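Below you'll find the structure, written out as structure tokens, and then a few comments.
Since this is a predicted model, take the numbers as computed values, not measurements. The chains referred to below are lettered A, B, ... by the order of the sequence lines, with proteins before strands, and numbering in each begins at 1.
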Amino acid sequence: MPIRVYNTMTRKKEELVPRELGKISMYVCGPTVYNYIHIGNARTFLNFDMIRRYLLYRGYEVEFIQNVTDVDDKIINKANEEGVSPEVLADTYREAFELDMADLGVMPPTMAPQATEHIDDMLEVISCLVDKGYAYESEGDVYFEVEKFADYGKLSGRNLDEQQHTLASGPEDRKRGPWDFALWKAAKPGEPSWSSPWGPGRPGWHIECSTMSTKYLGESFDIHGGGLDLVFPHHENELAQAEACTGKPFVRYWIHSGMLNIDMEKMSKSLGNIRPLREVLIENDAQVIRMLMLGTHYRSPLNFSDDSLADAGASLERVTNCAFNLEDALSRAAVGGDGKKTERELELSKKLEGLKDEFVGHMDDDFNSAAALGVLFDVVRETNTYVGEVTSGGEPRLKVSLLECKEVLDDMFGALGLFQTAWGTTSVPGEEPARAADGGPSRDQLVDLLLEVRQAARDMKSFELADRIRDSLTELGVRVEDVPGGYRWRVER
RNA sequence: GGCGGCGUAGCCAAGUGGUAAGGCAGAGGUCUGCAAAACCUCCAUCGUCGGUUCAAUUCCGACCGCCGCCUCCA
């Protein structure tokens, strides 16, 4: 079964057929590094990380390029405010961005080209456009002449004559048409600049993406992504530049991530409701944020609030509980006698197999992570039921069937990017690494010792003492649960 | 004004021309010394009004409400 993706250009779901068999070339617009990113940015990057990981899961080789815009009005202004050079400012926030992404468990791009390191490449494209008559120089600026590009508007479905053209504060008089946009901006005093055939200046915003995406991925690469708000004008302009210059289709599939609102309102400076990712991460595990994002289809609007965050946390806990309890059961399960599955185990295998197919079916359908999560929770239920049977003794159960549950769960986590580190390794709860000791007793040993004492107290019906031990451990963040014939514990995250 | 999207249970959120996944919360039950976790059961006719159809929440139309974009924007 093929993967189907919604293509913004055609406004339809289409079968994903890569340019090259088994290989996906993908470009996602990255940050302008003038500030810490906010939770809305994070949504977009998490969505594309999910998409990338799913493509990997489905066996594609994925080349993932994400640019860093490190020269721009916003950067220059912010640098002036802070009294540092634009270069230093951009470097600072680029590094912060990389840390944020790592915290979120977003895989680093295959390559993260920076605009300032590709000025020459951009100048080449601009020259190409000037030579072909699509661009013109005007007082040291160079503009793309929208009227010359017949297909202009095909991505965003706009007819420019019918658009409200709010006059920008820019140099309107230097442009031939109101929709013409800058490829090159003449330098003003004190601004970073590079020399060009049209005098010193710096590139416009859109040109870097056309240039760098094509440079690294070639013509007509597979997927171009970004936030929905970039469709117009950013992507429309990128497309115009690239296709005007090369004469070939720029991109095969345009994918756009839906916007995130805060408490039902658009996040904006004027409303003062911007939520920096870093702040959110102080009180919330990255996995909670990912869970929240996965719960809504990537193209739908998503409302972000403390309530929605709490909600996501609660459902994530159901998953982590399952993982912990599964791990615990695994540690106490019998190897499994003659290794032959009983009717029960055969039924379980069959069910898991079916759920896995369902899961893939949902993800194949335009990366429907919300529906896929539904299936994940079905697996959680099956696992919990089986783990319950194992834990409560009765007939001996097969370890291999527990491992089967684990395999399916881990598989789905990987496909969704849940519990994955930025570097492609997993950190699924339950698989606690051995706690290091300094030669003395380890934490585990001490906790187990306490719990053995508690168990003895319970056996003697000294419930007051038993509860005291449990309560004290709870206060210390150690969660104790009794199971038939024993106990299990874990450290709360 | 142009383009686009949305309106599904208390909340979040999938989805389908044939009587609606999943999560959270809630109610009841099982298990437990208690608790926790878990399991079981219960909890919606899908904004309104028309139309097409044997059958619509799902298709079409109108209307109401909400939202995004229209060169800052993930």
Side-chain angles (χ1 to χ4, degrees), chain A residues 8 11 28-32 37-48 72-74 153 156-170 178-182 204-206 225-234 236-237 256-261 264-269 291-292 295-297 299-303 305 307-308 310-319 321-322 324-325 328 358 362 365 368-378 380-381 383-385 387-389 391-392 458 461-464 466-467 470-471 474 479-484 487-488:
Chain A
T8 306
R11 306 190 186 242
V28 176
C29 286
T32 299
I37 64 161
H38 56 64
I39 189 73
N41 298 315
R43 182 188 186 201
T44 297
F45 299 132
L46 280 167
N47 278 156
F48 283 103
D72 166 272
D73 287 341
K74 292 196 289 286
S156 55
R158 280 157 209 261
N159 178 340
L160 293 184
D161 297 336
E162 290 165 347
Q163 301 299 306
Q164 292 180 345
H165 186 254
T166 47
L167 284 181
S169 55
W179 295 97
D180 294 355
F181 55 91
W205 176 33
H206 317 294
L228 193 59
D229 55 347
L230 294 185
V231 174
F232 189 90
H234 185 53
E236 191 71 59
N237 291 352
H256 290 95
S257 167
M259 305 310 282
L260 177 147
N261 300 316
M264 308 302 282
E265 285 184 303
K266 184 191 171 179
M267 205 184 323
S268 74
K269 269 172 253 171
M291 192 58 142
L292 174 64
T296 301
H297 183 89
R299 283 191 284 114
S300 300
L302 166 62
N303 189 50
S305 66
D307 283 350
S308 66
D311 228 51
S315 53
L316 180 70
E317 193 170 343
R318 185 166 161 75
V319 179
N321 282 344
C322 176
F324 273 110
N325 297 344
D328 174 74
E358 251 185 81
H362 285 307
D365 182 13
N368 193 338
S369 59
L373 264 189
V375 179
L376 171 64
F377 279 107
D378 288 338
V380 166
R381 172 167 292 112
T383 301
N384 282 336
T385 300
V387 163
E389 291 168 19
T391 311
S392 61
R458 291 182 70 210
K461 310 275 183 219
S462 300
F463 295 120
E464 209 174 302
D467 289 349
R470 184 175 62 197
D471 292 346
T474 302
R479 182 156 146 186
V480 180
E481 294 172 358
D482 295 325
V483 296
Y487 57 83
R488 63 189 174 208

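The side chain to side chain contact (heavy atoms under 4.5 Å, CB included) check on A:S156 picks up A:R158, A:V231, A:F232, A:E236, with sequence neighbours excluded. A:M267 pairs by the side chain to side chain contact (heavy atoms under 4.5 Å, CB included) definition with A:H38, A:I39, A:L260, A:I262, A:N273, A:I274, not counting sequence neighbours. For A:S257, the side chain to side chain donor-acceptor pair (under 3.5 Å) partners are A:N47, not counting sequence neighbours.
Contact check for A:T44 versus A:H256: no side-chain heavy atoms found under the 4.5 Å cut-off. For the pair A:K266 and A:D229, the minimum side-chain heavy-atom distance is 4.5 Å or more. Residues A:P484 and A:T391 have side chains in contact (heavy-atom distance under 4.5 Å, counting atoms from C-beta outward).
In the set B:C73, B:U71, B:C24, B:C73 carries the atom at the smallest distance from any side-chain atom of A:K74. The side chain of A:W205 sits closest to B:C73 out of B:C73, B:C70, B:G23. Distances were taken from every side-chain heavy atom of A:F377 (C-beta onward) to each of B:C73, B:U71, B:G23; the shortest belongs to B:G23. Considering only the side chain of A:F463, B:G33 comes nearest among B:C72, B:G33, B:C24.
Spacing of C1' atoms, B:U48 relative to B:G68, comes out at 24 Å, to the nearest Å. One P atom belongs to B:A21, the other to B:C43, and the distance between them is 12 Å to the nearest Å. On the P atoms, B:C72 is 49 Å away from B:A38, given to the nearest whole Å. Across the C1' atoms, B:A35 and B:U16 are found 43 Å apart, a figure rounded to whole Å. Between the P atoms of B:G29 and B:A56, the separation comes to 41 Å (whole Å). Atom name C1', nucleotides B:U71 and B:A13: the rounded distance is 35 Å, in whole Å. For the P atoms, the distance from B:U57 to B:U8 is 16 Å, rounded to whole Å. Look at the C1' atom in both B:G7 and B:A44: the space between them is 15 Å, to the nearest Å.
Nucleotide B:G4 holds its C1' atom 14 Å from the CD atom of A:E236, rounded to whole Å. Between A:M267 atom CE and B:G68 atom P the separation is 12 Å, expressed in whole Å. Atom CZ of A:R43 and atom C1' of B:C73 are 15 Å apart (whole Å). The CG atom of A:L260 sits 16 Å away from the P atom of B:C67 (whole-angstrom rounding). Counting to the nearest Å, the P atom of B:G5 and the NZ atom of A:K266 are 19 Å from each other. Atom CG in A:N159 sits about 11 Å away from atom P in B:G2, given to the nearest Å. Rounded to a whole Å, the NE2 atom of A:H256 is 14 Å from the C1' atom of B:C3. Rounded to a whole Å, the NE2 atom of A:H38 is 11 Å from the C1' atom of B:C72.
Rounded to the nearest 0.5 Å, atoms OG (A:S305) and CG (A:D311) are 8.5 Å apart. Separating the NE2 atom in A:H234 from the CH2 atom in A:W205 is a distance of 4.5 Å, to the nearest 0.5 Å.
Stem regions annotated for RNA chain B: B:1-7 with B:64-70, B:10-12 with B:22-24, B:26-30 with B:38-42, B:47-51 with B:59-63, counting only runs of 3 or more consecutive pairs of Watson-Crick or G-U type with both contacts under 3.5 Å.
A salt bridge does not link A:R470 to A:E464: none of the charged nitrogens lies less than 4.0 Å from a carboxylate oxygen. Salt-bridge formation is detected for the pair A:R458/A:D482: a Lys NZ or Arg NE/NH1/NH2 atom is positioned less than 4.0 Å from an Asp or Glu carboxylate oxygen.
A:G226 comes within 4.0 angstrom of the backbone, heavy atoms only, and of no base. A:S315 comes within 4.0 angstrom of sugar-phosphate atoms only, judged by non-hydrogen atoms across all strands, and of no base. Residue A:I37 is out of contact with every strand shown, counting any heavy-atom pair closer than 4.0 Å. Here A:S156 lies in heavy-atom contact (under 4.0 Å) with sugar-phosphate atoms only. Across all strands shown, A:D378 has heavy atoms under 4.0 Å from sugar-phosphate atoms exclusively, and none from any base.
There is no side-chain donor-acceptor pair under 3.5 Å between A:R299 and A:N368.
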* **Stepwise side chain to side chain contact (heavy atoms under 4.5 Å, CB included) test for A:M291 and A:L373** => CA-CA 9 Å; A:M291 192 58 142; A:L373 264 189; 4.0 Å; yes
* To do: Would you check, one step at a time, whether the test side chain to side chain contact (heavy atoms under 4.5 Å, CB included) holds for A:R479 with A:T474?
  => CA-CA 5 Å; A:R479 182 156 146 186; A:T474 302; over 6 Å; no
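A:W179 qualifies as a stacking partner of the B:U71 base, centre to centre under 5.5 Å and near-parallel within 30°.
Heavy atoms only, all atoms of each residue included: A:S308 and A:N303 are closest at OG-O, 3.4 Å.
Contact between the side-chain N/O atoms of A:N384 and the OP1/OP2 oxygens of B:C39 is found at a separation under 4.0 Å. Contact between the side-chain N/O atoms of A:R158 and the OP1/OP2 oxygens of B:G1 is not found at any separation under 4.0 Å.
Both A:R11 and A:E464 lie close to RNA chain B; mapped to their nearest nucleotides by heavy-atom distance, the more 5′-ward contact belongs to A:R11. Of the two residues near RNA chain B, A:N41 and A:F232, the one whose nearest nucleotide lies more 5' is A:F232.
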Under 3.5 Å, which N/O atoms of the protein pair with N/O atoms of nucleotides 11-16 of chain B?
{"residue": "B:A13", "atom": "O3'", "partner": "A:G295", "partner atom": "O", "Å": "3.4"}
{"residue": "B:A14", "atom": "OP1", "partner": "A:H297", "partner atom": "N", "Å": "2.9"}
{"residue": "B:A14", "atom": "O3'", "partner": "A:N368", "partner atom": "ND2", "Å": "2.8"}
{"residue": "B:G15", "atom": "OP1", "partner": "A:N368", "partner atom": "ND2", "Å": "2.7"}

Dump the pairs, protein N or O against N or O of nucleotides 34-36 of chain B, anything under 3.5 Å, distances to one decimal.
{"residue": "B:C34", "atom": "O2", "partner": "A:R470", "partner atom": "NH2", "Å": "2.7"}
{"residue": "B:C34", "atom": "N3", "partner": "A:R470", "partner atom": "NH1", "Å": "2.9"}
{"residue": "B:C34", "atom": "N3", "partner": "A:R470", "partner atom": "NH2", "Å": "3.2"}
{"residue": "B:C34", "atom": "N4", "partner": "A:D482", "partner atom": "OD2", "Å": "2.7"}
{"residue": "B:A35", "atom": "N6", "partner": "A:D482", "partner atom": "O", "Å": "3.4"}
{"residue": "B:A35", "atom": "N1", "partner": "A:D482", "partner atom": "N", "Å": "3.0"}
{"residue": "B:A35", "atom": "N3", "partner": "A:R470", "partner atom": "NH1", "Å": "2.9"}
{"residue": "B:A36", "atom": "O2'", "partner": "A:E481", "partner atom": "OE2", "Å": "3.3"}
{"residue": "B:A36", "atom": "N1", "partner": "A:D482", "partner atom": "O", "Å": "3.3"}

